[in-house]
Amino acid sequence: NLNGIGGYAGHPINEPDATPPVFRQIEGRSGLWFDHDPASQSDGRVLGNYSLQAWSDHPAARLSWHAGWDSHAYGHDVWQSFTAKGEFDNLQGNGDAGALAIHAELEAGETMTVVFSLAWYMPHLLAAETDWTHLVRPSSAPPPPVTPNRPDYGHVYQRWYRDSWEIAAYGLRHWQD
């Protein structure tokens with residue numbers, strides 16, 4: 001889960017969100033949804049949602065997943081299942097990571113296209129600090145945001161998409177573009 005990670009030059013934000021991803025099936029699309037804890041105190045610019053979806057043109061392709069494995073552990077339970085069968089176990093756990101796969105057996109000379117779409121939706125673009133008098137030199141990076149109630153300008157993509165799920169689906173529909 002990449003929520004809580006980001007920042008800008010000279011001021012990284014590294015407050016990973018432990019919210020487990022979940023498997024979703026919405027409007028003919030399947031994949032993983034990574035959200036953030038609404039009570040998070042991280043800078044709003046690094047909070048939103050991520051989606052990972054996959055598509056294949058092969059009629060026998062099977063999507064498999066594992067949501068919520070612990071990225072800080074070795075993940076042997078998740079990856080042993082995958083390496084043995086070429087598929088994940090379709091289980092939900094409590095960890096912060098997820099994995100998605102597409103599996104199909106091909107005949108000699110047969111081809112298959114597989115496309116993965118990773119999208120994010122970070123709806124907050126907070127105004128920068130305006131008091132930079134403490135900077136060492138004019139070219140220094142801007143200070144980290146500390147002023148409360150800064151204006152939130154948002155992003156133009158919010159006019160067309162409600163979340164990362166819609167953006168990932170758009171990517172899959174238009175991947176050849």
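Worth knowing before you read on, the calculation uses all heavy atoms, side chains too, and leaves out hydrogens, waters and symmetry mates. Source: prediction; values computed, not measured.
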Checklist line | From OG (Ser40) to CG (Asn3), nearest 0.5 Å | finding: 8.0 Å
Note to self: For the backbone of Asp35 and the side chain of Asn1, can you confirm whether one donor and one acceptor N or O come within less than 3.5 Å of each other?
What the structure shows: yes
Margin query: Once rounded to the nearest 0.5 Å, what's the spacing between atom CD of Gln53 and atom OG of Ser117?
Written below: 6.0 Å
Next item on the list: Find out whether Asn49 and Phe34 are in side-chain contact, i.e. whether some heavy atom of one side chain is under 4.5 Å from a heavy atom of the other.
Entry: no
Next item on the list: Carefully, step by step, assess Glu15 and Ser42 under the rule side chain to side chain donor-acceptor pair (under 3.5 Å).
Entry: CA-CA 7 Å; Glu15 300 171 12; Ser42 291; 2.7 Å; yes
Item checked: Connected via hydrophobic side-chain network under 4.5 Å: Trp79 and Ile102 -> no
Next item on the list: Provide the closest heavy-atom pair for Ala97 versus Pro21 in the form atom of the first, atom of the second, distance.
Entry: O-CG, 3.4 Å
Notebook entry, point to check: Going only through I, L, V, M, F, W and Y residues with side-chain contacts under 4.5 Å, is there a path from Val78 to Phe82?
Noted result: yes
Notebook entry, point to check: What do the steps show when you test Asp17 against His36 for side chain to side chain donor-acceptor pair (under 3.5 Å), and what is the final call?
Noted result: CA-CA 6 Å; Asp17 192 306; His36 70 275; 5.7 Å; no
Check: Can you tell if the side chain of Met112 reaches within under 4.5 Å of the side chain of Ser56, non-hydrogen atoms only?
Finding: yes
Check: Are Ile26 and Trp33 connected, step by step, through hydrophobic side chains (Ile, Leu, Val, Met, Phe, Trp, Tyr) whose heavy atoms are closer than 4.5 Å?
Finding: yes
Notebook entry, point to check: For Glu105, does the CD atom have more than 12 heavy-atom neighbours from other residues, nucleotides or ligands under 6.0 Å away?
Noted result: no
Notebook entry, point to check: Trp65 and Phe23: aromatic ring centres closer than 6.0 Å?
Noted result: yes
Name every donor-acceptor pair, under 3.5 Å, that has one atom in a side chain of residues 120-127 and the other anywhere in the protein, sequence neighbours excluded.
from, atom 1, to, atom 2, distance (Å)
Tyr121, OH, Tyr161, O, 3.3
His124, ND1, Asp152, OD2, 2.4

Checklist line | Approximate separation, where rounding is to 0.5 Å, of Thr19 OG1 and Asp37 CG | finding: 5.0 Å
Notebook entry, point to check: If you count the non-hydrogen atoms of other residues, nucleotides and ligands that lie under 6.0 Å from CD in Gln41, is the total more than 12?
Noted result: no
Margin query: Between Gln92 and His66, is the side chain to side chain donor-acceptor pair (under 3.5 Å) condition met? List the steps.
Written below: CA-CA 6 Å; Gln92 177 68 52; His66 188 102; over 6 Å; no
Notebook entry, point to check: Leu47 and Leu2: same hydrophobic cluster, using ILVMFWY side-chain contacts below 4.5 Å?
Noted result: no
Next item on the list: Answer yes if Leu63 and Leu118 sit in the same cluster of Ile, Leu, Val, Met, Phe, Trp and Tyr residues linked by side chain heavy atoms under 4.5 Å apart, and no otherwise.
Entry: yes
Atom pairs and distances, side-chain donor-acceptor, residues 165-177, under 3.5 Å, sequence neighbours left out:
from, atom 1, to, atom 2, distance (Å)
Glu166, OE1, Arg162, N, 2.9
Glu166, OE2, Arg162, NE, 2.5
Glu166, OE2, Arg162, NH2, 2.4
His174, ND1, Asp177, OD2, 3.1

Next item on the list: Determine, step by step, whether Asp96 and Ser71 satisfy the side chain to side chain donor-acceptor pair (under 3.5 Å) criterion, reporting the C-alpha distance in whole Å, the side-chain angles of both residues, the deciding distance to 0.1 Å, and the verdict.
Entry: CA-CA 6 Å; Asp96 60 350; Ser71 67; 2.8 Å; yes
